[in-house]
J.: 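Quick one: structure below, then a few questions.
Below, read A as the first sequence line, B as the second, and so on, with proteins coming before strands; counting in each chain starts at 1. None of these values were measured; they are calculated from a predicted model.
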Amino acid sequence: QDKAIGFAIPNLASSFWISAVYGAEQEARAAGVTLVKLNAGGDANSSQQIAQIQDLAQRGVAAIIVGATNGDAVRAVVEQAVGRGIPVVGISSPPNSDRLSATVSADHYDMGRLQARCLAQAIGGKGEVAMMAGPTGQAWSDLRAKGFRETLAKEAPGVTVVAESRLADNRNAALTTAEDWTQRFPELKGVYAATDDMAAGVVAAMKAAGRMPAVRVSASNFSPTAQQLLKDRELACTSIQQVVAQGRAAFTQALAAAAKKPVEAKVVLPALLVTSDTLGEVDLSSVVAPADYRP
Amino acid sequence: MTRQTRGDPGKIWTLEVSGIAKNYGATCALRNASLRLRPGKVHALLGENGAGKSTLVKIVVGAIQPDRGRIALNGVPTLFAGVRQAIAAGVIPIYQHLSLFPHLSVLENLSAFAIAGAAGLRARPALVPRATARAWLDAVGLGCDLDLPVERLSVGERQLVEIARGLGQRCTLLVLDEPTAALTHDETDRLFGVVRRLCAEGTAVLFISHKFDEIEALADDVTVLRDGVAVIDAEPLASLSRAELVRAMLGDMVEPGDRALPQPGGPVLTATGLRLGPADAAADITVRAGEIVGLAGLVGSGALELAAALAGARPVAAGTLAVRGEALPAGDRVRAVAAGVGYVPADRHAEGLFGPLAALQNASSSTVALFSRGGLLRPGGEAAALMPWLRRLNLHPFQPERPAAGFSGGNQQKLLLSRNLAVPDLRVLVVLEPTRGVDIAARETIHDALVEAAGRGVAVVVASSDLDEVMALSHRILVVRHGSLDGELPRGTGRAALMDRLAGRRAA
Amino acid sequence: MMALTGARPRRFSGRLNPPAAVWVVLLLFCVFALAVPRFASAGNLENLLRVGSILGIAACGQTIVLILGGIEFSFGASAALASVVTVLALPSAGVAGGFAAGATAVLLVGLVNGTLVARFSLPPFLVTLGMLMVAGGGAAVLAGGLPIDAPPSDAFSWPARGRVAGIPVPILAAAASFALLHLLLAHTRAGRLWYLVGANGTAARLSGITVWRSVLAGYLLAGAFCALAAVILTSRVASGQPGLAPNLPFETIAACAVGGIPLAGGQGRAVQTLCGVLVIAMLNNAVVLLNLPVAYQQLMIAAVILGAVLLQQAPRLLLLLPVRPARQPEEERS
Amino acid sequence: MSARLLRRSADGLRAAGSVLPVPFRVAPLCLILAVAVFAATAPRFLSLGNAANIGAQVWVLALLAIGQMFVLATRGFDISVGAVAALSSVCAAMACNGWGLPGLAAGALAGLLCGLINGALVGMLGLQPVVATLGSLIAVRGLSLLITGDGQVVPLDAASAVTRLGFEPMPVLPAASWAALVLAVGAALLVGRSLAGRRILMAGSNPEAVALVGVDTRRVQLWAYGLCGLFAGLAGVLMTVRAGSGLPTEGAGMELQAIAAAVIGGTALSGGIASVAAVVIGAAFIQVLLTGLNLQGVSPFVAQIAVGVVIIASGLLETLLRSLPSFHSQSRTRT
Ligand SMILES: Nc1ncnc2c1ncn2[C@@H]1O[C@H](COP(=O)(O)OP(=O)(O)OP(=O)(O)O)[C@@H](O)[C@H]1O
Ligand SMILES: Nc1ncnc2c1ncn2[C@@H]1O[C@H](COP(=O)(O)OP(=O)(O)OP(=O)(O)O)[C@@H](O)[C@H]1O
Ligand SMILES: [Mg+2]
Ligand SMILES: [Mg+2]
């Protein structure tokens with residue numbers, strides 16, 4: 001009756017994690033279980049997340065779902081919790097431990113790969129592109145960027161990466177940098193953006209500089225911003241995950257592990273590519289939380 | 001050089017300073033200063049405000065470095081790289097501006113030199129033993145709690161702590177920069193007693209003061225600085241008349257005139273039932289137009305506080321103020337200024353000066369409204385309103401655009417005074433320690449300005465620890481003891497009678 | 001020598017002297033123009049100024065607060081709050097109404113800051129740090145933690161993208177802000193009172209100045225400058241962003257410091273802030289154009305900021321070199 | 001039960017209040033209030049396990065705040081502590097991988113070095129603290145990225161051995177927390193009982209006078225910032241111990257929390273007074289508040305607002321305590 005499951009979230013100011021929480025919360029409500037959500041408040045707050053996982057363990061939750069700020073950093077505390085008999089399920093950026101009951105993963109590398117294919121095609125297989133690659137040291141941004149770069153090298157050798165910016169996920173900063181790029185790279189053909197919010201900044205800068213149809217922009221994630229940009233055909237494509245479905249799956253696995261029932265050790269939900277043309281075909285309910293959802 | 005030929009070549013001076021120059025940017029503080037101190041003698045260093053005395057002192061004790069010049073201590077060429085070395089060598093400074101640490105206890109402040117001087121990464125702070133500290137305080141007659149933070153002490157008490165700290169050190173040369181500025185007569189006498197005792201033990205003393213009585217009472221030799229040059233160089237004091245000294249300092253004689261005070265008119269400032277603290281007795285004070293009322297009291301008597309309360313600069317426990325019958329909330333300086341009550345605080349640096357701002361802007365701070373229209377400053381209005389006052393008070397150097405922090409103490413005091421005198425409908429002027437640390441020329445200028453203000457019909461209140469000043473300026477003197485009034489003395493009361501009353505001794 | 005009365009006094013020499021930071025600006029411009037590809041192109045300079053304008057406007061506010069002896073950390077958070085409020089108010093209040101609502105939010109933060117500092121004598125540091133969290137949290141609560149997009153419209157994007165007589169609106173706004181700041185500081189009573197209060201609050205009170213009113217006005221005006229910056233920022237990102245400009249307070253403080261304004265209060269001129277802003281804006285632009293890896297970008301930014309400040313102190317530092325006893329002129333003995 | 005608790009804590013506070021200087025009363029008061037509120041609303045809050053938990057968690061913030069306190073006491077401040085902690089964490093991890101457990105000390109060393117550089121910039125070159133430490137904040141972040149291949153965490157080879165120090169209760173608290181406690185006691189001795197501490201307080205209490213009595217201001221500042229860096233470095237080591245890896249991008253925003261904790265702990269922004277115990281309690285208070293609200297299911301954004309409000313409220317509380325009659329009874333002494 002008084003069963004609770006913990007969810008350690010790296011950053012609730014992100015559409016990705018809000019959607020994941022939404023999925024988990026849907027399931028929790030259906031199962032009549034309390035979901036205790038702790039937010040580390042940013043990917044650079046591992047210390048805070050370590051303390052929060054400790055708190056969850058101390059509180060005696062039945063299981064913990066962990067989206068790690070950094071997989072290595074939370075490993076010790078996660079294993080500590082597992083040692084106390086609390087099963088841990090990793091989601092999206094799982095703790096780097098082999099003692100997890102299950103992982104529900106999104107394939108960030110694949111998201112980068114999908115973007116690379118789409119962007120290369122959009123600019124006709126050759127020309128200069130720049131990368132708005134997101135913060136350094138975060139698994140999600142590093143993997144997406146790696147997927148993008150390696151796929152380009154392999155599949156579209158005519159495309160050259162002329163600049164890579166590693167700013168925090170912030171529209172204003174992306175906008176400023178992209179404006180500077182319009183001055184620096186008159187031949188720019190495409191821009192990779194690690195998130196849809198940064199993509200919105202890039203699109204705004206390119207539009208203001210009158211470079212818009214000439215420069216194509218690709219993105220990841222599927223917030224209302226991205227949907228609107230696709231609708232307006234200002235985004236070549238966005239690579240997305242079925243985040244809500246991941247949240248649901250993570251909760252289901254955690255509940256099963258808490259009840260010592262069999263779990264599916266590795267749930268992988270593939271990344272999808274959405275373009276303006278395929279926008280209508282996406283099953284939103286497994287991808288993104290409704291716009292009015294507040295975690 | 002003539003300087004070398006004078007004096008006894010075989011003699012070892014405790015301190016021998018020659019050819020010192022020091023510039024602060026464009027300001028030349030010292031040009032060619034020299035100083036020769038005999039062991040066991042008190043050497044007075046005279047000079048008008050800004051002559052460079054404090055600068056010379058700071059160079060001697062290593063607090064600042066000269067641009068040029070030589071210093072020898074007991075015949076050995078020495079240039080201290082810092083105060084710490086000076087202390088170690090027995091050169092002990094007592095500064096003009098308090099160098100205490102307000103948050104720290106009296107004991108810790110007394111130990112400041114020891115803390116500074118202790119070597120290495122010692123675990124324990126080098127605190128002076130409590131008994132020793134007590135003895136040091138006893139020597140200057142201060143009986144306060146050793147663990148009290150210094151911020152809880154009055155200005156006079158702080159000065160005593162500073163002096164006690166210096167006197168407690170083992171010293172071959174004691175440097176006193178205007179130590180008596182905040183002291184009463186009794187305290188000054190006690191200080192002089194200690195100084196004489198040290199001299200008897202062979203300590204040389206460098207003594208700076210603007211008060212000739214004190215100099216004549218204490219000093220053996222004298223050096224006079226003018227514009228950074230020694231114009232009288234280590235002459236025996238006895239060989240010089242006061243007039244000669246003043247001429248050397250200022251280039252001209254100043255008549256310490258017996259001023260005619262104006263005839264008082266009707267009452268302007270009335271204070272009824274004024275209580276500083278809930279335990280203090282109530283005071284009723286009336287000051288009339290053109291009248292100068294002196295408030296006199298020993299350190300800690302509450303004379304300064306009472307005066308501040310009259311200006312609305314200090315909250316009170318009870319009582320009302322009125323200017324020309326118009327009630328004024330106590331402790332509200334804004335309303336008081338609007339009602340024409342001027343105020344010159346005792347602590348120039350903490351409560352008066354806007355250090356980084358220009359002298360002119362300091363002078364105009366109470367009258368900004370006058371030269372602004374619709375919120376805009378009228379170009380030239382400020383200068384037109386204030387420049388005459390700065391001239392009248394003889395600001396020196398006359399550089400109204402220079403930051404106030406760069407002026408000497410006397411001239412800073414003139415800025416504070418001009419701030420108030422410029423208020424057009426000034427009705428009351430409350431001045432605390434009008435001439436603390438001010439040279440005699442400036443002192444006369446300031447006194448003249450106060451009498452002149454009274455002549456304009458301003459009701460003037462002067463609270464000062466300098467009894468001569470109070471006696472010279474006031475129509476009548478209110479005696480303050482224990483935070484409240486304890487009688488009134490008419491003009492012309494002798495100093496001895498005044499002293500007795502301050503100490504609570506009534507004539508039989 | 002001046003005539004005794006009436007005559008116009010010599011202008012304060014300090015006022016006319018260009019601040020040392022001017023030389024830093026010129027030096028940096030020359031270096032970048034030579035070393036950074038496309039830096040000196042007209043398009044890039046316009047770009048740089050347009051982005052720098054926002055920093056400049058906010059820095060005007062920071063200047064006032066610094067002169068008052070305070071410090072403002074809440075600028076970034078209140079700009080974020082403004083952007084969220086603006087976008088939320090947009091559907092019901094229209095574009096102008098939305099901006100007004102956003103600006104009001106910033107002014108409100110300024111009012112709270114000012115009241116707490118002025119009336120309750122709390123340290124500005126503490127107050128604005130607290131308000132940084134309150135306003136930032138408020139923005140996130142209102143927006144649910146996520147950016148909310150504003151419906152695109154020309155009117156909405158005018159503050160950031162519009163032009164008047166061919167000049168971008170943000171640049172005009174910044175020019176107007178600096179002019180206003182200069183006017184306030186050099187020629188108004190309010191400005192003079194800020195200097196007095198900042199230099200010595202006790203002395204100001206004893207001079208009959210209503211200190212709290214001056215402080216409150218200062219923080220409110222600082223809020224007004226920040227509000228203007230927030231409007232342009234909101235228009236620029238065309239959305240409500242709970243994490244809009246987290247570095248704004250630090251950049252404004254850095255700009256003032258690079259311009260040579262001491263944080264002790266009572267000092268500072270508009271032209272100094274302008275110089276500091278130009279330095280930071282050029283720097284931010286150059287590191288992107290140089291296309292350096294982020295680690296080197298940060299090292300370069302740090303080096304230039306510290307270098308710019310040190311360069312201005314060079315004369316003072318040289319003067320302070322200790323005089324060695326060995327340098328005593330020996331000829332005086334003769 | 002909580003009413004009795006409140007009453008008892010109020011008594012204790014009154015007793016403590018008579019010995020503690022006013023600014024140092026705020027943090028304990030805040031902490032007691034927060035604990036009382038959470039105890040009343042969350043049944044399991046007042047458990048030994050939870051207390052031990054908080055006792056283990058508070059130290060990263062507490063060490064940063066202690067470091068900050070040294071600098072605040074000289075009227076400076078250091079906004080680079082978060083970045084320095086991150087760099088130190090990386091250095092500790094790399095050195096530990098190279099030289100085993102003693103290598104962790106490299107983190108403290110790196111912190112000390114950064115602090116000394118700050119101290120040199122402020123003390124020797126006369127830069128304003130905000131500027132100097134803002135510059136080093138940016139530079140140190142850059143350096144962290146540089147040595148870690150753009151911000152990759154540095155996993156410890158001996159992660160399990162090291163993290164055991166961070167989590168396994170020795171008695172009650174893990175070894176790392178005991179170590180931090182010892183460091184805090186050391187800091188308290190340094191402030192209250194040592195020459196260096198006294199000189200730091202003197203420099204903050206009256207910066208003009210301190211050189212006049214023979215203290216070398218520049219050296220005092222050098223050491224104050226050095227100590228600040230050292231403690232930031234130690235916080236970084238602690239982070240490494242608890243995370244089992246070096247965290248190059250960690251700690252954005254920590255500097256503000258550290259300053260908040262130091263200020264709630266009564267460190268005067270105008271210099272001259274400081275108490276390590278109060279600062280640690282201030283840090284514990286912030287940690288309890290964040291954790292408590294989070295566990296109550298309060299939205300993290302609302303929790304952020306709450307922390308902001310509390311920071312301001314602590315300032316108001318100090319003003320209130322100051323205005324109590326007991327403080328003023330001695331304010332005017334007479335001879
Ligand atoms: N740090 C400084 N910077 C600039 N000018 C200074 C500085 N210190 C002293 N001066 C200037 O040097 C001159 C000599 O000052 P000094 O304090 O030595 O005079 P003084 O003889 O002690 O005066 P007083 O009788 O007022 O104490 C003054 O004009 C003063 O303004
Ligand atoms: N760094 C500085 N820059 C400018 N002016 C300074 C500086 N340091 C001191 N001054 C000013 O120069 C003057 C000389 O300094 P000093 O400490 O010798 O005091 P003083 O002239 O003896 O003062 P006073 O006579 O108040 O009582 C003082 O008025 C002081 O405020
Ligand atoms: Mg002097
Ligand atoms: Mg002087």
J.: Can you say whether B:Leu127 sits under 4.5 Å from chain D via the side chain, the backbone, both, or neither, judging by heavy atoms?
T.: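 Answer is side chain: those atoms of B:Leu127 sit under 4.5 Å from chain D.
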J.: Indicate the atoms forming the closest heavy-atom contact of D:Leu195 with B:Ala118, along with that distance.
T.: CD2-CB, 3.3 Å
J.: Of the backbone (N, CA, C, O) and the side chain (C-beta and beyond), which part of B:Phe113 lies under 4.5 Å from a heavy atom of chain D, both, or neither?
T.: both
J.: Tell me which of these, B:Ala86, B:Ala112, B:Ser111, has more heavy-atom pairs under 4.5 Å with chain D than the rest.
T.: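 Winner by heavy-atom pair count: B:Ala112.
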J.: Return yes if some donor-acceptor pair links the side-chain N/O of D:Arg199 with the main-chain N/O of B:Ala116 below 3.5 Å, else return no.
T.: yes
J.: Need one label for D:Val220: side chain, backbone, both or neither, based on atoms under 4.5 Å from any heavy atom in chain B.
T.: neither
J.: Is there a side chain to side chain contact (heavy atoms under 4.5 Å, CB included) between B:Arg165 and D:Val213 once you walk through the steps?
T.: CA-CA 10 Å; B:Arg165 180 176 73 192; D:Val213 301; 3.5 Å; yes
J.: Closest heavy-atom contact between B:Phe101 and D:Ser205?
T.: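 Smallest heavy-atom distance, with atoms named: C-OG, 3.3 Å.
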J.: Return yes when atom CZ of B:Arg134 has more than 12 non-hydrogen atoms of other residues, nucleotides or ligands closer than 6.0 Å, and no otherwise.
T.: yes
J.: Tell me whether B:Ser99 contacts the main-chain N or O of D:Leu212 through its side chain, where contact means a donor paired with an acceptor under 3.5 Å.
T.: no
J.: Test of understanding: with side chain to side chain contact (heavy atoms under 4.5 Å, CB included), list the residues that count as partners of B:Ala281, not counting sequence neighbours.
T.: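 In terms of side chain to side chain contact (heavy atoms under 4.5 Å, CB included), with neighbours along the sequence ignored, B:Ala281 is linked to B:Ser484.
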J.: Using the test side chain to side chain contact (heavy atoms under 4.5 Å, CB included), find all partners of D:Leu190 that sit at least two apart in sequence or belong to another chain.
T.: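 Scan of D:Leu190 (side chain to side chain contact (heavy atoms under 4.5 Å, CB included), adjacent residues dropped) gives D:Phe70, D:Ser194, D:Leu227.
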J.: Using a 4.5 angstrom heavy-atom cutoff, name the option from B:Pro102, B:Gly82, B:Ala88 with the most pairs to chain D.
T.: B:Pro102
J.: Walk me through it: do D:Met202 and B:Leu104 pass the test side chain to side chain contact (heavy atoms under 4.5 Å, CB included)?
T.: CA-CA 8 Å; D:Met202 280 164 76; B:Leu104 302 189; 3.4 Å; yes
J.: Would you give the length of the straight line joining atom NE2 of B:His103 to atom CG of D:Asn206, rounded to the nearest 0.5 angstrom?
T.: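 Rounded to the nearest 0.5 Å, the NE2-CG separation comes out at 9.5 Å.
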J.: For B:Gln85, is it the side chain, the backbone, both or neither that has a heavy atom under 4.5 Å from a heavy atom of chain D?
T.: neither
